[in-house]
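Following: one structure in structure tokens, then a few remarks.
Residue numbering restarts at 1 for every chain, and letters A, B, ... go by the order of the sequence lines. This one's a predicted model, so the numbers in the text were calculated from it and none came from an experiment.
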Number of protein chains: 2
Amino acid sequence: MHTAYLRPVADEEFSHSETRQDGLSEHLARIKDHGVRLRFHRNQVIAAAGEAAAHIYTVASGCVRVSHHGGDGRRHIADFLFGGDIWGLGDAQQFALTAEAVSPVTVTAYPRIVFERLGEGNNRLKTEIMSHLSEAIARAHRHLFLLSRLTARERMATFLVRMMQQSQLVYGARLDLPMPRRDIADHLGLTIETVCRALASLREEAVIEVPNSHLVTILDYGALRAIAGHPSQL
Amino acid sequence: MHTAYLRPVADEEFSHSETRQDGLSEHLARIKDHGVRLRFHRNQVIAAAGEAAAHIYTVASGCVRVSHHGGDGRRHIADFLFGGDIWGLGDAQQFALTAEAVSPVTVTAYPRIVFERLGEGNNRLKTEIMSHLSEAIARAHRHLFLLSRLTARERMATFLVRMMQQSQLVYGARLDLPMPRRDIADHLGLTIETVCRALASLREEAVIEVPNSHLVTILDYGALRAIAGHPSQL
DNA sequence: CGGACGCTTGATAAAGTTCAAAGAGAGTGG
DNA sequence: CCACTCTCTTTGAACTTTATCAAGCGTCCG
């Protein structure tokens with residue numbers, strides 16, 4: 001029996017101590033008076049690709065997808081963000097990707113200009129940003145390998161393991177997937193149908209259960225990790 | 001007739017004014033006495049994944065592939081580096097990826113510790129590094145879309161356009177591809193055979209010529225770009 | 001000249017996509 | 001509260017793209 005993935009329910013008030021935490025939140029706390037709290041409905045655009053990158057965002061609650069839209073309807077979701085995740089760092093003048101609400105979302109938007117002023121002469125902050133960007137690169141590279149070389153089953157298993165590791169939405173062995181199948185498909189470079197079949201395949205082998213479409217119960221975490229493959233891919 | 005891609009032959013001595021240039025080279029010039037020039041044969045490992053990230057590298061000449069090796073022989077090449085490109089920035093203690101020589105390569109290795117000392121209190125340098133990392137993220141995201149949603153032909157066309165834009169190895173409309181088909185395949189998430197067939201398909205439509213396996217002549221750059229698709233993918 | 005290696009092309013197979021249809025769930029209005 | 005509708009999910013069947021297997025070719029180098 002694996003228990004390493006057991007996690008308590010995350011209280012709203014704890015959301016800033018959550019996943020993918022770098023030391024940036026303490027810096028943001030210093031300009032919290034400039035932060036504006038915004039709410040978005042499901043599928044609402046938080047910031048569009050091409051738009052002037054005027055703000056930096058932190059996700060307070062909910063799930064955000066960050067995606068690239070090709071001209072002809074083809075789409076790729078680069079990442080899902082959850083409570084505590086930061087987005088919009090980096091020095092691009094315009095956003096390269098679009099951020100949309102997967103579920104009802106609350107974000108805090110900090111004017112970039114204030115953040116940059118905070119960074120001037122603040123070496124520790126710049127180091128933290130570099131660290132954040134480095135981690136983003138490492139994540140992207142792991143995903144490149146997934147898209148380049150893993151089978152549909154392996155991608156699905158890897159995705160579930162990643163969600164287990166980083167999501168605040170784990171209750172025991174139950175994993176909440178707030179995003180629809182289409183989003184998972186566009187994240188893993190598959191179609192909706194293949195995502196369904198990959199889940200069905202894992203279900204048939206008693207690795208997971210799928211009580212409903214937004215919930216997955218992990219029955220055999222070891223098997224799931226084994227299917228996902230090399231640890232460096234997670 | 002398109003001429004925008006015409007470029008002079010790059011002289012060895014000009015290689016530091018080449019592709020993907022950020023403002024980092026001037027900073028490196030200040031610690032050039034600490035730089036060690038190293039030569040590598042084809043397929044020699046310059047730095048392996050997992051190895052302590054003790055140095056930062058700049059490519060003086062030749063072509064380097066940066067790759068991720070899955071346990072079972074599956075491989076993905078995240079990027080190809082050419083003269084002037086810098087590699088090893090970011091704050092990871094170990095390299096996440098392996099760098100190998102595609103062709104005979106000359107690199108300059110700077111001890112990371114010296115570089116970091118240079119960065120202490122040097123805000124401009126840190127800003128440059130952030131900029132470099134941001135660009136690396138943007139590149140990775142474009143490649144995620146390629147792997148996720150483009151067909152073999154589209155990937156090949158995109159690859160050729162990218163190489164045209166960034167390579168120093170363009171002589172008129174002739175493009176030198178120093179890497180073997182296997183490397184291209186592992187970069188594009190395809191097999192060797194599919195790379196061959198994609199090239200053959202472009203050749204049959206008179207978009208390119210392939211005088212020999214390391215040389216491609218671009219006959220119709222406009223068509224190539226059209227096949228590659230949305231500009232944001234390049 | 002011979003052998004090794006990399007490239008190309010062909011035939012077959014497999015994985016995943018597309019098309020189609022049916023079922024499940026959530027929200028809405030009567 | 002129920003019926004209705006809309007959206008999302010699931011499964012099946014046919015098809016397409018790409019991978020795999022196999023053979024032949026060219027070229028580079030000893």
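Counting heavy atoms from C-beta on, the side chains of Leu133(A) and Ser134(B) come closer than 4.5 Å. Between Val59(A) and Phe82(A) there is no side-chain heavy-atom pair separated by less than 4.5 Å. The shortest distance between side-chain heavy atoms of Leu146(B) and Phe159(B) does not fall below 4.5 Å. Side-chain contact check for Glu154(B) versus Arg149(B): every heavy-atom pair is 4.5 Å or farther apart. At least one side-chain heavy atom of Asp183(B) sits less than 4.5 Å from a side-chain heavy atom of Arg75(B).
His187(A) and Phe80(A) have perpendicular rings, their planes meeting at more than 60° on a 0 to 90° scale where under 30° would count as parallel.
Using a 4.0 Å cutoff on non-hydrogen atoms, no part of residues 64-77 of chain B comes near DNA chain C.
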Under 3.5 Å, side-chain donor or acceptor atoms of residues 224-234 of chain A against the rest of the protein: list the pairs with distances, not counting sequence neighbours.
residue: His230(A); atom: ND1; partner: Ser232(A); partner atom: N; Å: 3.4
residue: His230(A); atom: ND1; partner: Ser232(A); partner atom: OG; Å: 2.6

Return a table of donor-acceptor pairs under 3.5 angstrom between the side chains of residues 193-208 of chain B and protein atoms on other chains or two or more places apart.
residue: Thr194(B); atom: OG1; partner: Thr191(B); partner atom: OG1; Å: 3.0
residue: Ser201(B); atom: OG; partner: Arg153(B); partner atom: NH1; Å: 2.7
residue: Glu205(B); atom: OE2; partner: Arg153(B); partner atom: NH1; Å: 2.8

Task: Protein-to-nucleotide contact annotation, 5' to 3' order, nucleotides 7-23 of chain D [B base; S sugar-phosphate only; - none; under 4.0 Å, heavy atom] - done: --SBBBB----SSBB--
Open item on the list: Protein within reach of the bases, or only the backbone? For nucleotides 25-30 of chain D, mark each nucleotide 5' to 3' as B, S or -, using heavy atoms under 4.0 Å.
Closed with: ------
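The two residues Ala92(B) and Ala53(B) have their closest heavy-atom pair at O-CB, 3.6 Å.
Side-chain contact check for Thr106(A) and Arg39(A): at least one donor-acceptor pair (N or O, by modelled atom type) lies under 3.5 Å.
One N or O on the side chain of Arg181(A) and one on the backbone of Ser213(A) form a donor-acceptor pair closer than 3.5 Å.
Put simply, CG on Leu175(A) and CD on Glu209(A) are 13.5 Å apart, with the number rounded to the nearest 0.5 Å. In this structure, His68(A) NE2 and His76(A) NE2 are separated by 10.0 Å, a value rounded to the nearest 0.5 Å.
Atom CZ of Arg155(A) and atom C1' of dT17(C) are 13 Å apart (whole Å). To the nearest angstrom, P of dT9(C) lies 13 Å from CG of Leu202(B).
For the helix from dC1(C)-dG30(D) to dG30(C)-dC1(D), the angle separating the two terminal helix axes comes to 30°, with each axis derived from five pairs and the value rounded to 10°.
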